[in-house]
Amino acid sequence: MAPFPSGLLVLTAPLGSVPGRAAAALAAAAGLVAGPLYVHLQPGLLLGGPAPLPAAPPPAPALLRALAALYSAAAAHRGLDVRVLLGHGHRLAEPPRVLLADGGVGDEEPVSFGLRQLAAAAYGCPPGLPALLLGGPDGPRAAPEGSEGELPAYPDVVVGGTFDRLHGAHRLLLSACCLLARRRLLVGVADGELLRHKVLKELIEPYELRAAKLREFLADVKPSVLYDIVPLADPYGPAVTDPELRCIVVSEETRKGGEAVNKKRLENGLAALELFEIQLIKDPEHGQNEEEKISSSSLRQRLLGTLLRPPREAPTLPSRPYVIGLTGGTGSGKTSIARLLGQLGAFLIDADKLGHAVYLPGGPAYERVVAAFGAEILNEDGTVNRKVLGAKVFGNQERLKSLTDIVWPEIARLVRKEIGEADAQGKAVCVLDAAVLLEAGWQEMVHEVWTAVIPEEEAVKRIVARDGLSEEAARSRLRSQMSNSQRVEQSQVVLCTLWEPDVTRKQVEKAWDLLQQRMSHTPAAGSPSS
């Protein structure tokens, strides 16, 4: 059965039973739904009874525990978009295409009928939707919850975060906010300088996309609350100036940030906010160098080596050899990545070595470079002193363009000859290792662009250690180049050498394996297209 694009899962067990039933219910649903899986908690409701009517689950501590269990269980199914609904009577962003109930709810036919009735009453779903009963635990359920009391309520609540690639921990945090807020939820979304020191910041989604995903999730979960989503340029934002706020929702690791907000509020003559703390959710599948908790940084690490955007349309390029353009800034570890790709079977082309060749006496660029920049760039033996030449063009865009207009086309010609040699040797994959790949426009010669990124601080350390430059000189060199973010925007695959060599090797192997899969769907040159 092909997965449905969206689904609604109704859980009628008492809230105290949900933590024990969540994993099995979501595992069964994960194979049936490809898009959003809405979860509707209706503790104690008899789906097989007469006209089941929806009700909002009680805002009690047991509900928070149920939410934590569901979002934690969802983490075991990468890509499963679970949204636990805290209200009803509204149209969902992606109307459900299948209705589900977990095991132990009663006879199939009356339950299926009740599911359709409930979905129609709660969300306006059409009457003919498929209704399926999932296999699951059908043993004794927990007794109805005793009187734990309700969660506190506040008219206006605030929360802050990066909210990159909305994951289960975000969803639990936001759901708690929805339960606590009676009127308005202010959500501060980190942007600008606040992202500077984030792991793999180049892969953080744009603010507009993060805000849009937040708004869709919140409107699905509980549309009765007013959502005010704003960018944060500093750690505090409006949380320290808004007098109407009463509560700030934090996690274990952001509690200190909440305390800092309160300190600023007191300095501004405002009342301190109540701090409501949510526990972190552990990631059941965290890998090497990933955090034990579910985190956006771990999700970004998992993107390394994967295809971030489709390969560029290149109808004029032969399909074999398949050419990868590998680029990256100084100190990015690009050369070590190229070496690993060579060990996996790629034919390597080193653009820097070809660059040296075009400057040699008798080389294709030699005479024109000397004519343009004078004999003072020559060593005693007549070879070009590239340090002297570099000093002449560094910081002077006009002179630099004069040089690259001479040299880059000649290097490109040599690259094409090397690609021809790779073809002659029967190599399926060719890697062009070129720091200036994008600046020179050489992406026209490749099927995919792969970029090596590294945080600026780490790159500076590497350049200082390797080249003996001062920190200031190393930073100046880095900032004269295209930025990591600019490269990533034009890349199909991103790799990072920040961690141990073994981590880099696994990234490259993953990228290589996925490349082989893509190539298997690309007809070889001369074969009929599918």
Side-chain angles (χ1 to χ4, degrees), residues 202 304-305 307-308 311-312 314 317 320-360 363 365 386 390 404 407-425 427-454 458-459 462-463 466-467 477-478 480-484 486-488 490-498 501 504-505 507-512 514-516 519:
E202 300 85 2
L304 295 172
L307 193 69
L308 299 180
R312 54 181 295 270
L317 284 182
R320 297 293 186 275
Y322 198 86
V323 185
I324 301 298
L326 177 62
T327 190
T330 303
S332 65
K334 173 177 60 65
T335 302
S336 63
I337 290 171
R339 191 180 306 117
L340 289 167
L341 289 167
Q343 292 169 8
L344 290 168
F347 183 96
L348 299 184
I349 301 173
D350 187 334
D352 192 49
K353 285 184 180 177
L354 297 181
H356 281 283
V358 303
Y359 284 107
L360 291 174
R386 293 182 66 176
T404 57
V407 173
W408 283 350
E410 298 299 342
I411 298 175
R413 273 190 271 276
L414 294 180
V415 167
R416 290 188 179 94
K417 282 183 66 176
E418 290 288 297
I419 294 172
E421 177 60 25
D423 188 27
Q425 292 184 21
K427 290 287 189 177
V429 178
C430 187
V431 172
L432 170 57
D433 176 359
V436 296
L437 180 89
L438 299 173
E439 295 92 328
W442 295 342
Q443 64 265 45
E444 300 303 316
M445 295 192 289
V446 307
H447 297 88
E448 296 180 18
V449 175
W450 291 15
T451 289
V453 298
I454 200 78
E458 178 63 24
R462 293 181 181 185
I463 296 166
R466 183 190 66 195
D467 300 338
R477 180 185 291 183
L478 282 172
S480 70
Q481 300 175 355
M482 183 178 283
S483 70
N484 282 340
Q486 289 171 318
R487 289 191 183 94
V488 168
Q490 301 179 64
S491 300
Q492 276 71 42
V493 173
V494 173
L495 301 157
C496 180
T497 62
L498 178 61
T504 301
R505 180 181 56 78
Q507 279 179 41
V508 173
E509 288 173 350
K510 176 170 74 171
W512 180 262
L514 292 172
L515 172 64
Q516 302 309 306
M519 289 175 57

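The first residue in the sequence is number 1, and the count goes up from there.
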Checking the side chain of Lys417 only, and the main-chain atoms of Ala412 only, is there a donor and an acceptor separated by less than 3.5 Å? no
Could you tell me the separation between the CG atom of Asp433 and the NZ atom of Lys353, rounded to the nearest 0.5 Å? 9.5 Å
Does this structure show an ion pair linking Arg320 with Asp423, if we count only N-O contacts that are shorter than 4.0 Å? no
Is it the case that the side chain of Gln507 and the backbone of Cys496 share a donor-acceptor pair, with hydrogens and angles ignored and the cut-off at 3.5 Å? yes
Counting only N and O atoms by type, is there a donor-acceptor contact under 3.5 Å from the side chain of Arg505 to the main-chain atoms of Leu340? no
Please answer whether the main-chain N or O of Gln443 pairs with a side-chain N or O of Arg312 as donor and acceptor at a distance below 3.5 Å. yes
Shortest non-hydrogen contact between Lys427 and Pro321, atoms and distance: O-CB, 3.3 Å
Nearest heavy-atom approach of Ala351 to Leu432 is CB-CD1, 4.1 Å
Is it the case that the side chain of Thr497 and the backbone of Thr504 share a donor-acceptor pair, with hydrogens and angles ignored and the cut-off at 3.5 Å? no
Might you point out which heavy atoms bring Ser491 and Thr451 nearest each other, and give the distance in Å? OG-OG1, 2.6 Å
Side-chain (Gln486) to main-chain (Ser483) donor-acceptor, under 3.5 angstrom: yes
Might you point out which heavy atoms bring Ser480 and Arg477 nearest each other, and give the distance in Å? OG-O, 2.7 Å
If we ignore hydrogens and angles and just use 3.5 Å, is the side chain of Gln481 paired with the main-chain N or O of Thr330 as donor and acceptor? yes
Leu515 and side-chain contact (heavy atoms from CB on, under 4.5 Å): which single residue from His447, Lys510, Glu448 fits? Glu448
Return the minimal non-hydrogen interatomic distance between Gly333 and Arg462, and the atom names on each side. N-NH1, 3.9 Å
Taking the six-membered ring for Trp, are Trp442 and Trp408 parallel (under 30°), tilted (30 to 60°) or perpendicular (over 60°)? perpendicular
Can any side-chain N or O of Gln492 pair as donor or acceptor with the backbone N or O of Val449 at less than 3.5 Å? yes
When you compare the side chain of Val323 with that of Met445, does any pair of heavy atoms fall below 4.5 Å? no
Nearest 0.5 Å please: distance from the CD1 atom of Ile349 over to the SG atom of Cys430. 3.5 Å
Looking only at heavy atoms, the pair that brings Ile454 and Ala459 closest together is CG2-CB, 3.5 Å
Any side-chain heavy-atom pair from Arg386 and His356 closer than 4.5 angstrom? yes
